[in-house]
Amino acid sequence: ENGNKTAYWKAYHENNQIYSYGKFEMDSMQGNWKYYFDSGTLESEGSFSNGQKVGYWKMYYPNGQINIEGEYTYGKRTGVWTLYYEDGTLKAKSTFENDQKVGVSKQYYYDGQLFIDTEYGTLDGKRKFIKYYINGKVAEKGNYLDTNKIGEWIVYYNTGTIYSKGSYDNGFRDGAW
């Protein structure tokens, strides 16, 4: 319409399998859209408003199991996002505001045992970090500021006894260890 895409559209992979299907209104993606792997199985599905992802989205593995699911608000992740292993086992769960992780984020080993426990958004901007061995014992713990280790860090043997302990300053070891 007047040079703008306004209709349902299909795009295809090189092997002629459907790649995507959804609606354009005035050159902007609107409503429900689906994307497919070149095998023809569903890759992701969700909605657009004025060309931005909105609402609940699901992404899939080629075997049809859910890979990732969560909500978008105007193209940014919001609320709880859940990731799964290819067999459907829980892999990670995080909360987002405005596309940034907030609150508690947890990652899991394949058997469901907690692997990493991180708390975002503390008052001083730090994030608490605890990593676990597969046996459930703490492997290391400390704090991050952005992507840098800061303050006291403790590293443990898989038996739970301390291997090393010391401080970090802006990502670098500081003082005696």
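We count residues from 1, following the sequence as given. No experiment lies behind these values; they were computed from the predicted model shown.
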Quiz prompt | Residues that N63 engages under side chain to side chain contact (heavy atoms under 4.5 Å, CB included), provided they are two or more places apart | solution = Y61, Q65, E86
Donor-acceptor pairs under 3.5 angstrom involving side-chain atoms of residues 41-51: please list them, not counting sequence neighbours.
residue : atom : partner : partner atom : Å
T41     : OG1  : S39     : OG           : 3.1
T41     : OG1  : P62     : O            : 3.4
E45     : OE2  : Y60     : OH           : 2.3
S47     : OG   : N32     : OD1          : 2.6
N50     : OD1  : Q30     : NE2          : 3.2

Quiz item: Is it the case that one hydrophobic cluster holds both L83 and M59, taking links as side-chain heavy atoms less than 4.5 Å apart, direct or via other members?
Solution: yes
Quiz item: At what distance, to the nearest 0.5 angstrom, does CD1 of I134 lie from CG of L114?
Solution: 10.5 Å
Could you tabulate the donor-acceptor pairs under 3.5 Å formed by side-chain atoms of residues 92-99, not counting sequence neighbours?
residue : atom : partner : partner atom : Å
S94     : OG   : S105    : OG           : 2.5
D99     : OD1  : R77     : N            : 3.0
D99     : OD1  : R77     : NE           : 2.8

Quiz item: Do I66 and Y108 belong together in a cluster built from hydrophobic side chains that touch within less than 4.5 Å?
Solution: yes
Practice problem: Any side-chain hydrogen bond (donor to acceptor under 3.5 Å, both in side chains) involving residues 8-22? Give me the pairs, sequence neighbours left out, ordered by first then second residue. | Solution: none
Practice problem: Find out whether Y84 and N67 are in side-chain contact, i.e. whether some heavy atom of one side chain is under 4.5 Å from a heavy atom of the other. | Solution: no
Quiz item: Are Y120 and Q100 close enough that a side-chain donor and a side-chain acceptor fall under 3.5 Å?
Solution: no
Exercise. Sort out for me which residue in Y56, W33, W81 forms a ring-ring contact (aromatic ring centres under 6.0 Å, His included) with Y72.
Key: W81
Quiz item: Under the salt bridge (Lys or Arg N to Asp or Glu O under 4.0 Å) rule, what pairs show up with a residue in residues 129-141, not counting sequence neighbours?
Solution: E140-K149
Quiz item: With the threshold set at 4.0 Å, does a side-chain nitrogen-carboxylate oxygen contact exist between K5 and D27?
Solution: no
Quiz item: Can you tell if the side chain of D117 reaches within under 4.5 Å of the side chain of E119, non-hydrogen atoms only?
Solution: no
Quiz item: Can you list the residues that meet the side chain to side chain contact (heavy atoms under 4.5 Å, CB included) rule with L145, with sequence neighbours excluded?
Solution: I150
Donor-acceptor pairs are to be reported for all side-chain atoms of residues 168-177 against protein atoms at under 3.5 Å, with residues two or more places apart or in another chain.
residue : atom : partner : partner atom : Å
N170    : OD1  : N148    : ND2          : 3.0
W177    : NE1  : S167    : O            : 3.3

Quiz item: Of all residues at least two apart in sequence or in a different chain, which pass the ring pair (Phe, Tyr, Trp, His ring centres under 6.0 Å) check with Y109?
Solution: F115
Quiz prompt | Partners passing ring pair (Phe, Tyr, Trp, His ring centres under 6.0 Å) against Y85 (at least two apart in sequence or in another chain) | solution = Y110
Using a 3.5 Å cut-off and no angle test, enumerate the donor-acceptor pairs between side-chain atoms of residues 155-165 and protein atoms at least two apart in sequence or in another chain.
residue : atom : partner : partner atom : Å
T159    : OG1  : T161    : OG1          : 3.2

Quiz prompt | Heavy-atom closest contact (R127 atom, T147 atom, distance) | solution = NH2-CA, 4.2 Å
Quiz prompt | Residue list, ring pair (Phe, Tyr, Trp, His ring centres under 6.0 Å) with Y144, at least two apart or on another chain | solution = F129, W153
Exercise. Please report the C-alpha distance between F24 and T6 in whole Å, then the side-chain angles of each, then the deciding distance to 0.1 Å, and finally whether the side-chain contact (heavy atoms from CB on, under 4.5 Å) criterion is met.
Key: CA-CA 5 Å; F24 278 95; T6 302; 5.8 Å; no
Exercise. State, yes or no, whether a side-chain contact exists between T82 and L90 at a heavy-atom distance under 4.5 Å.
Key: yes
Quiz item: Do I130 and V138 have side-chain heavy atoms sitting under 4.5 Å apart?
Solution: yes
Practice problem: Only pairs at least two apart or in different chains count here, so list each salt bridge (Lys or Arg N to Asp or Glu O under 4.0 Å) that has a residue in residues 47-56. | Solution: none
